[in-house]
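All remarks here apply to the structure that follows.
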Amino acid sequence: MQKTEIIGLSKEELSLFLEEMGEKPYRVKQLWQWLYFKGVRSFDDMTNLSKDLRLKLDEKFVLTRPKIVTEQVSKDKTHKWLLEFSDGERVETVYIPELDRGAVCISTQVGCAMGCKFCHTGSQKLTRNLTAGEIVSQFMVARDAYGEWPSPTNETRYLSNIVVMGMGEPLQNKENVIKALNILSDGDGIAISRRRITMSTCGIVPEINSVLEQTGVRLAISLHAPTDEIRTELMPINKVYNIAQILRACQTYQQKDGSRYITFEYLMLDGINDSSDHAQELVRILKNNKIRATFNLIPFNPWPGCEFKPSKPENIKKFADILNKAGFACPVRVARGQDILAACGQLKSKKQG
Ligand code: SAH
Ligand code: SF4
């Protein structure tokens with residue numbers, strides 16, 4: 001009999017399995033805590049479950065982590081793992097530390113079908129979606145590495161945030177992403193608050209609000225251009241869902257809750273989208289649509305073979321000033337982990353050759 005991967009099953013699914021095994025429903029909470037609060041890696045370690053149940057679990061399920069193929073730590077302490085799943089497919093996961101906290105950047109697909117021109121991942125064709133378990137286990141690998149099982153209660157938690165900004169487009173793998181985010185934010189287990197999880201999308205408009213409703217996480221949109229003309233050049237998906245449609249989805253999201261802010265990610269590409277006119281046009285479309293947002297200006301991270309150059313620092317500053325003056329907070333992101341190709345858009349996992 002083929003065993004089932006236990007990481008990635010919802011509480012409801014686990015309850016059903018336990019029921020089939022003739023176990024009481026409350027066992028699911030114990031099992032869940034072992035898996036996601038204590039982070040044990042063997043059924044044998046689940047000492048408050050009977051020997052008999054542990055054996056039954058072991059017969060039915062596998063409890064593993066993805067294999068760590070390589071692990072690199074950059075000069076600025078950014079940590080990158082190349083992980084391999086049971087079928088040999090690989091993704092990258094990155095931890096970006098700040099002083100007393102940090103975000104784990106997780107992937108949702110092997111490759112990406114969206115083909116954004118500036119993105120290294122986009123140059124690697126989509127191989128497959130990750131399962132919910134594969135999405136969740138990326139965070140678990142990071143927690144293993146930093147020894148944060150069980151989660152500290154009053155001490156600092158270094159792995160405090162999750163950004164779904166690794167390889168792949170999360171809204172092209174909707175079901176598994178929803179399931180994974182609900183496991184990661186479940187208070188009995190890994191318990192990363194929904195407000196500390198941000199999902200970034202290139203703008204698959206019809207899925208945006210349904211996924212946010214079902215997960216409660218925060219929204220980031222990869223905007224990268226103020227006009228459809230420029231955006232379509234950079235991101236082919238803009239031919240299917242244009243800027244006006246994206247902004248309408250943003251309005252729907254904010255109408256439901258006045259405190260919701262959206263992060264617009266904006267890649268600064270020299271001579272393409274980084275002039276003062278572009279900044280003013282951005283301000284205009286956001287004000288016209290009454291969108292509350294902050295910007296994340298991302299310096300372009302070059303990768304071998306790409307056609308773009310990063311904007312000049314003085315242009316980035318001018319651009320940021322215009323947005324700031326118009327009332328849009330606009331931190332310029334500092335590229336992290338560049339020396340190990342761990343920065344935004346540099347992830348790529350295909351075996352070369
Ligand atoms: N597919 C999703 C999430 C992954 S991409 C999305 O597109 O939003 C995560 C972020 O990295 C996006 O904002 C993306 O536009 C940005 N990015 C891609 N290539 C980059 C590069 N070369 N330099 C800097 N950021 C890049
Ligand atoms: Fe895919 Fe996002 Fe890269 Fe575009 S930017 S190719 S959507 S991972």
Side-chain angles (χ1 to χ4, degrees), residues 78 91-94 96 103-130 135 138 162-174 177 180-181 197-205 207-208 211-212 217-225 230-241 246 249-250 262-270 272-274 293-311 316 331-338 340-350:
T78 300
V91 297
E92 292 186 317
T93 303
V94 179
I96 309 129
V104 179
C105 177
I106 57 179
S107 296
T108 55
Q109 298 183 306
V110 182
C112 183
M114 300 290 97
C116 302
K117 290 226 186 93
F118 46 75
C119 177
H120 206 193
T121 305
S123 70
Q124 172 183 326
K125 295 224 162 11
L126 175 69
T127 309
R128 70 169 174 83
N129 281 335
L130 297 189
I135 298 170
Q138 295 171 58
I162 294 176
V163 291
V164 186
M165 297 184 184
M167 299 168 56
E169 169 46 48
L171 297 184
Q172 295 277 77
N173 183 14
K174 184 179 144 179
V177 167
L181 294 181
I197 303 180
T198 303
M199 181 186 67
S200 172
T201 175
C202 64
I204 314 290
V205 167
E207 312 292 0
I208 292 177
V211 172
L212 294 172
V217 302
R218 286 175 186 263
L219 172 64
I221 302 253
S222 291
L223 192 58
H224 304 321
I230 303 174
R231 195 167 192 268
T232 301
E233 271 299 304
L234 300 172
M235 305 174 74
I237 188 68
N238 199 65
K239 279 184 261 172
V240 187
Y241 306 113
I246 291 177
C250 292
I262 293 163
T263 304
F264 287 112
E265 295 166 277
Y266 196 99
L267 200 55
M268 297 297 287
L269 301 168
D270 187 41
I272 308 267
N273 64 355
D274 63 346
T294 53
F295 274 84
N296 223 332
L297 290 189
I298 314 173
F300 172 63
N301 292 313
W303 38 273
C306 67
E307 58 185 283
F308 301 106
K309 283 207 305 267
S311 298
I316 299 183
V332 178
R333 202 191 276 174
V334 183
R336 301 289 301 267
Q338 258 183 328
I340 57 167
L341 281 186
C344 301
Q346 293 183 312
L347 303 186
K348 191 164 177 181
S349 61
K350 264 272 146 22

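In listed order, ligands and their atoms are each counted from 1.
The aromatic rings of His120 and Trp303 sit parallel, their planes meeting at an angle under 30°, below the 60° perpendicular limit.
Those atoms of ligand 1 with a heavy atom of Thr201 less than 4.0 angstrom away are 6 (C), 8 (O). Close contacts between ligand 1 and Trp303 involve ligand atoms 22 (N) [criterion: under 4.0 Å to a heavy atom]. Listed by atom number, the atoms of ligand 1 under 4.0 Å from Cys202 heavy atoms are 6 (C), 7 (O), 8 (O).
Closest to atom 7 (O) of ligand 1 by heavy atom, among Gly168, Pro310, Ser222, is Ser222. Of the candidates Glu265, Met235, His224, it is His224 that places a heavy atom closest to atom 14 (C) of ligand 1.
If you check the side chains of Ser107 and Glu92, you find no donor sitting under 3.5 Å from an acceptor. Judged by distance alone, the side chains of Glu169 and Thr201 do bring a donor and an acceptor atom under 3.5 Å apart.
The closest approach between any non-hydrogen atom of Glu169 and ligand 1 is below 4.0 Å. Ligand 1 lies out of reach of Met199, whose nearest heavy atom is not under 4.0 Å from it. Residue Gly166 places a heavy atom under 4.0 Å from ligand 1.
Side-chain contact between Leu234 and Phe308: present, with at least one pair of heavy atoms (C-beta onward) separated by less than 4.5 Å. The shortest side-chain heavy-atom distance between Cys306 and Phe300 falls under the 4.5 Å cut-off. Counting heavy atoms from C-beta on, the side chains of Val177 and Met199 come closer than 4.5 Å.
On a distance-only criterion, Met165 and ligand 1 share no N/O pair closer than 3.5 Å.
Shown here are the protein N/O/S atoms lying under 2.8 Å from atom 1 (Fe) of ligand 2, water excluded: Cys112 SG.
Applying the side-chain contact (heavy atoms from CB on, under 4.5 Å) rule to Leu126 yields the partners Gln109, Ala113; only residues at least two apart in sequence or on another chain are considered. Evaluation of the side-chain hydrogen bond (donor to acceptor under 3.5 Å, both in side chains) rule for Glu207 yields Lys174 as partners, not counting sequence neighbours. Not counting sequence neighbours, the partners of Thr198 by the side-chain contact (heavy atoms from CB on, under 4.5 Å) test are Val163, Met165, Arg218, Ala220.
The side chain of Ile298, and not its backbone, has at least one atom closer than 4.0 Å to an atom of ligand 1 (non-hydrogen atoms only; side chain from C-beta on). With a heavy-atom cut-off of 4.0 Å, Leu267 touches ligand 1 through its side chain alone.
Nearest heavy-atom pair across Gly168 and Cys112 is CA-CB, 4.0 Å.
Between Phe264 and His224, the gap from one ring centroid to the other reaches at least 6.0 Å.
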